[in-house]
K.L.:
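Supplied in structure tokens, the structure appears directly below.
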Amino acid sequence: MYKILIADDHPLFREAIINVIHMGFPECELLETESLDSALLLTQEHDDLDLILLDLNMPGMNGLNGLIALRNESPTIPVVIVSAEEDKQIVLQAITYGAVGFITKSSPRDQMTDALRQILAGNVYLPSDIIRTHNPDMRRQPRPDEKTIAPEMLSSLTRRQLLVLERMSKGESNKQIAYNLNIAETTVKAHVSAILRKLNVHNRIQAVLSAGNIDFSEYLKR
């Protein structure tokens with residue numbers, strides 16, 4: 001049984017997400033709050049929380065500063081942003097600042113349930129329709145302090161590892177990657193470990209952020 005805190009100041013959305021959770025995870029214990037201050041208090045009172053669903057725009061949040069405050073207060077409790085925001089930069093910044101997922105409020109019920117299932121299983125969830133870059137001319141320019149992947153590092157990846165990294169950058173879980181590439185999930189995990197080692201990054205999130213501007217079609221022509 002999971003214990004989840006829903007932090008959102010819109011009663012109708014809280015009711016909607018409660019319905020989604022109860023349908024997918026009927027044994028869940030749910031807590032509700034409508035401000036950052038009360039969310040911080042609840043995390044102190046309930047250190048056994050399995051997950052926090054956090055709205056970006058509720059009172060006290062001040063954008064991603066609220067996420068940082070919550071992560072500093074309760075670093076062991078996973079936080080997922082649930083927001084109407086659909087800007088790619090904000091999604092990536094939220095992950096950089098410690099969120100384990102980003103769910104848009106426009107997501108269909110089934111997609112929300114699948115996202116929560118992935119997150120509760122220990123995966124990072126990113127909305128693939130937002131993360132995917134469609135127009136090469138609109139590619140994001142990396143910040144000076146942001147880690148990017150050197151061409152020689154990418155060249156060290158096998159074709160299968162490139163395919164796995166491409167799907168990681170679309171926000172797919174290991175299970176989804178295994179299904180889409182028709183390989184075992186244990187094989188995917190082995191590829192992910194090799195990718196992290198070859199790219200000299202510490203975790204999946206860093207790999208995804210570093211891969212944000214890569215044109216995989218060019219490397220997969222080899």
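Just so it is clear, the values below take in all heavy atoms, side chains as well, and ignore hydrogens, waters and symmetry mates. In this text the structure is predicted, and so the values were computed from the model without any measurement.
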K.L.:
Stepwise, does the side chain to side chain contact (heavy atoms under 4.5 Å, CB included) test hold for Phe25 with Arg117?
P.N.:
CA-CA 9 Å; Phe25 313 91; Arg117 187 170 288 114; 4.1 Å; yes

K.L.:
Hey, are the side chains of His191 and Ile183 touching, using non-hydrogen atoms and a 4.5 Å cut-off?
P.N.:
yes

K.L.:
Looking only at heavy atoms, which two atoms of Leu36 and Gly60 are closest? And how far apart?
P.N.:
CD2-O, 3.1 Å

K.L.:
Salt-bridged, Arg14 to Asp9, with N to O below 4.0 Å?
P.N.:
no

K.L.:
Say you draw a straight line from CD1 of Ile21 to CD of Glu27; how long is it, rounded to the nearest 0.5 Å?
P.N.:
14.0 Å

K.L.:
Show the nearest heavy-atom pair for residues Ser83 and Asp55, with the distance to one decimal.
P.N.:
CA-OD1, 4.3 Å

K.L.:
What I want to find out is whether Glu185 reaches Lys175 closely enough, with some N-O distance under 4.0 Å, to be called a salt bridge.
P.N.:
no

K.L.:
Check whether any side-chain heavy atom of Ile81 lies under 4.5 Å from a side-chain heavy atom of Val91, and answer yes or no.
P.N.:
no

K.L.:
Roughly how far, to the nearest 0.5 Å, is the OG atom of Ser106 from the CD atom of Gln111?
P.N.:
8.0 Å

K.L.:
In this structure, would Tyr2 and Val82 fall into the same cluster of hydrophobic residues linked by side-chain contacts under 4.5 Å?
P.N.:
yes

K.L.:
Would you find a donor on one side and an acceptor on the other, under 3.5 Å apart, between the side chain of Glu166 and the backbone of Leu163?
P.N.:
no

K.L.:
Does the side chain of Asp114 come under 3.5 Å of the side chain of Gln118 through a donor N or O and an acceptor N or O?
P.N.:
yes

K.L.:
Would a 4.5 Å heavy-atom cut-off, applied to side chains only, mark Leu31 and Ile6 as touching?
P.N.:
no

K.L.:
For Ile68, is there any backbone N or O sitting under 3.5 Å from a side-chain donor or acceptor partner on Asn72?
P.N.:
yes

K.L.:
Does any non-hydrogen side-chain atom of Val164 lie less than 4.5 Å from one of Val192?
P.N.:
yes

K.L.:
Decide yes or no for Ile103 and Tyr125: does some side-chain heavy atom of the first lie under 4.5 Å from some side-chain heavy atom of the second?
P.N.:
yes

K.L.:
Quick one, Val79 with Val100, criterion side chain to side chain contact (heavy atoms under 4.5 Å, CB included). Give me CA distance, side-chain angles, the key distance, then yes/no.
P.N.:
CA-CA 6 Å; Val79 180; Val100 298; 5.9 Å; no

K.L.:
Within a reach of under 6.0 Å around CD of Gln44, are more than 12 heavy atoms found that belong to other residues, nucleotides or ligands?
P.N.:
yes

K.L.:
Run the numbers on Met58 and His10 for side chain to side chain contact (heavy atoms under 4.5 Å, CB included), then give the verdict.
P.N.:
CA-CA 8 Å; Met58 70 177 179; His10 291 88; over 6 Å; no

K.L.:
State, to 0.1 Å, how close Ala178 and Ala184 come at their nearest heavy-atom pair, and which atoms those are.
P.N.:
CB-C, 4.0 Å

K.L.:
Check whether any side-chain heavy atom of Leu199 lies under 4.5 Å from a side-chain heavy atom of Leu157, and answer yes or no.
P.N.:
yes

K.L.:
Mark yes or no for whether Asn62, through its side chain, and Asn65, through its backbone, hold a donor-acceptor pair below 3.5 Å.
P.N.:
no

K.L.:
I want to check something: taking the side chain as every heavy atom from C-beta on, are Val80 and Leu54 in contact at a cut-off of under 4.5 Å?
P.N.:
no

K.L.:
Without swapping roles, check the side chain of Arg71 against the backbone of Ile77 for a donor-acceptor pair under 3.5 Å.
P.N.:
yes

K.L.:
Look up atom CG in Leu49 and atom CG in Leu42, then write down how far apart they are to the nearest 0.5 Å.
P.N.:
8.0 Å

K.L.:
Tell me whether Lys3 is salt-bridged to Asp48, with the criterion being a basic N under 4.0 Å from an acidic carboxylate O.
P.N.:
yes

K.L.:
If we ignore hydrogens and angles and just use 3.5 Å, is the side chain of Thr158 paired with the main-chain N or O of Gln161 as donor and acceptor?
P.N.:
yes

K.L.:
Distance from Asp50 atom CG to Leu5 atom CG, nearest 0.5 Å?
P.N.:
11.5 Å

K.L.:
Measure the OG-CE distance between Ser107 and Met112 for me, rounded to the nearest 0.5 Å.
P.N.:
5.0 Å

K.L.:
Are Asn57 and Asp8 packed together at the side-chain level, in the sense that at least one heavy-atom pair is separated by less than 4.5 angstrom?
P.N.:
no

K.L.:
To the nearest 0.5 Å, tell me how far Ile18 CD1 sits from Leu53 CG.
P.N.:
10.0 Å

K.L.:
Between the side chains of Glu85 and Thr104, does any donor sit under 3.5 Å from an acceptor?
P.N.:
no

K.L.:
Which heavy-atom pair separates Gly101 from Ile119 by the least distance, and what is that distance?
P.N.:
CA-CD1, 4.3 Å

K.L.:
Glu73 and Thr43: which non-hydrogen atoms are nearest, and at how many Å?
P.N.:
CG-OG1, 4.2 Å

K.L.:
Can you check side chain to side chain contact (heavy atoms under 4.5 Å, CB included) on Arg109 and Asn19, steps first, answer last?
P.N.:
CA-CA 9 Å; Arg109 174 187 293 265; Asn19 289 336; 4.3 Å; yes

